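Please read the structure below before turning to the comments.
Note that this is a predicted model, so its numbers are computed, not measured. Numbers restart at 1 for each chain; the letters A, B, ... are given by sequence-line order, proteins then strands.
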Amino acid sequence: MFLSQLNNEEGRIFMREVAVIGIGQSVFGKFPGRSAASLGGEAVVAALKDCGMHPRDIQVAFASRAFDASLTAQRVLKGVGISALEMVNVENACAGGATAFRGVWKEIASGRYDIGIAIGVESMTTSSIAGKMIPPQGDDLEGYLGMTMPAMFGMIARRQMEEYGATAEDFAMVSVKNHHNGSLNPHAQYQKELTVEEVLNSRMISEPVTLLMCCPNTDGAAAAILCSMDVARKYTTQPIRVIASALLSGSYQHLQKDICASLVGVKVAQMAYEMAGCEPKDIDLVEMHDAFANEEIMRYEDLALCAPGEGLQLLRSGATKIGGRIPVNPSGGLLSLGHPLSASGVRTVCEVVLHLRGQAGARQTPNAKVGLAQMLGGVITGMEHGVAAGIHILAR
Amino acid sequence: MDRIYFKEGIFSVDTDTGNGTLLGNKCASCGQIYFPPVDFCFNCLGQVMEEAALSRRGKLYSYTRCHMPASRFQPPFFVGLVDIPEGVRVFAPLKEAADRSFQVGMDMEVKIEELWRENDKQVIGYVFEPVK
Ligand SMILES: [Zn+2]
């Protein structure tokens, strides 16, 4: 479905062009003394300030939060002077933020509202799972048998080593790359360069995945203000267009023959490219889910940044570094920013917007015109790993 | 000591041989086999499911040694995925052989044994170990 078709074909819903005009992020880190509402409020205030918007101009809000969620949008916006408008709260594991962003996009594209805000927020340290691994659900058979996210990515890493000749050093290189990027990002939880040796010698979590190949649990929030293109021009000379929005859920597990190839990750990317009317080679930068260092390599293939099976070569070529052909996670990714689950899907969009505006500072992708923000995750016994996946493609 | 199954209806033990078997089910319409058993077929939505005991042996698809506690397991412990000939991939704790380390593709066999203890009860479940 191209937007133009949606516009032209009779009987189809008319879709307006939507732009991102304001972005904001809270501090990312461990803040046991701060509520999710306070972190969310910090991101909302930053987004309003970014585009010089009055709080009362917001017409609709979507918020996402995974842990201890209750009326998140209302709690966050109460603290910044916004009430009495349509607010929707969503949860979609790591894709929650992308789901909230898409919710606002749909409201504006459909013409129901002109201005809306998407908020992703998580306070992991004040949640019921603080200090623990994300626990299995009560009826989760595999969880009781020892399945965890690190175990899953340990097993994926073993397959990558077996099938493609990947080494622990390759996985460490992803972490080194993203921590280099994070050292350039004042919003990152860890603004520190790492060496391959430091990554390899850090505590073993799930072989061959070490501690510094895992993203930290983090508190934080991000917000994005979207509006119709005609309204956008009142606020900014640099509206960033949303040219694709795609959201998809995972398949049953028996359909996934290769745990290094995500059915949902591949399909949601195809949906996004088709909607944007562009190809992977047209993308100038990517922000994506790198919860584990070796995960980034399989996601290169999901997003067709390279041919299937060639993710390792793409990494080794250096193409995904800042300054390479297709920088991936120039923000520092989840590995150095940390991963407040529901915030990450909005935060990745914010990073792409910065690059498209030319405001990303030392980590700027030169002359970026089109960027892709992906976020996915969640595990359920009997379904492929990565149960919810969202992608937005943005362009200037 | 009392023995309880960590989950009923998904494995059995032959009282003569002591051999364990995983109990899945099979769609009567399209033949897809599932483990653990499902209420209906996820492929074709067929409602008629037949019992299907899985082969006791399979090939190790992947594995990892975990160094963080999970569920009731104390680290380090192995878990892995075993491909059963019926086309089912089973996630299970793994038991290391004394004489060799795990290899992708190695032949594995299911074993029913104590997973952990709970309130003075032995909690029984399935693990896979390299074929001797
Ligand atoms: Zn069937």
Distance-minimising heavy-atom pair for B:Val79 and A:Gly146: CG1-O, 4.3 Å
Inspect the surroundings of CG in B:Asp120 and state if more than 12 heavy atoms from other residues, nucleotides or ligands are less than 6.0 Å away. no
Heavy-atom proximity to chain B below 4.5 Å, by part of A:Gln256: backbone
If you take all heavy atoms of A:Leu141 and B:Tyr126, which pair is closest and at what distance? CD2-OH, 3.8 Å
Among B:Phe73, B:Phe78, B:Tyr61, which residue forms the greatest number of heavy-atom pairs with chain A at distances under 4.5 Å? B:Tyr61
Chain A neighbours within residues 96-117 of chain B, where any heavy atom lies under 4.5 Å away: B:Val104, B:Leu115, B:Trp116
Shortest non-hydrogen contact from B:Ser62 to A:Met155? OG-O, 2.6 Å
So with a 6.0 Å cut-off around NZ of A:Lys267, is the heavy-atom count from everything else above 12? no
Say whether, by atom type as modelled, one donor and one acceptor occur between the side chain of B:Thr64 and the main chain of A:Glu207 under 3.5 angstrom. yes
Would you mind checking which part of A:Leu255 comes under 4.5 Å of any heavy atom in chain B, side chain (CB onward), backbone (N, CA, C, O), both or neither? side chain
May I ask you to list the residues in residues 45-57 of chain B that approach chain A closer than 4.5 angstrom, counting heavy atoms only, ordered by number? none
Fit a plane to each ring of A:His254 and B:Phe42, take the angle between them on a 0 to 90° scale, and name the class: parallel (under 30°), tilted (30 to 60°) or perpendicular (over 60°). parallel
Of the backbone (N, CA, C, O) and the side chain (C-beta and beyond), which part of B:Ile10 lies under 4.5 Å from a heavy atom of chain A, both, or neither? side chain
Bottom line for B:Tyr63: the part with an atom under 4.5 Å from chain A's heavy atoms is both
Picking from A:Arg203, A:Lys257, A:Met161, which has the most non-hydrogen pairs under 4.5 angstrom with chain B? A:Lys257
In short, B:Phe91 meets A:Leu145 closest at the heavy-atom pair CE2-O, 3.6 Å
Please round to the nearest 0.5 Å and tell me the distance separating atom CZ of A:Arg158 and atom CG of B:Leu81. 13.0 Å
To the nearest 0.5 Å, what is the distance between CE on B:Met68 and CG on A:Leu211? 8.0 Å
Smallest heavy-atom separation, B:Ser71 atom then A:Tyr144 atom, equals OG-O, 2.8 Å
Chain A heavy atoms under 4.5 Å from B:Arg65: which part of the residue, side chain, backbone, both or neither? both
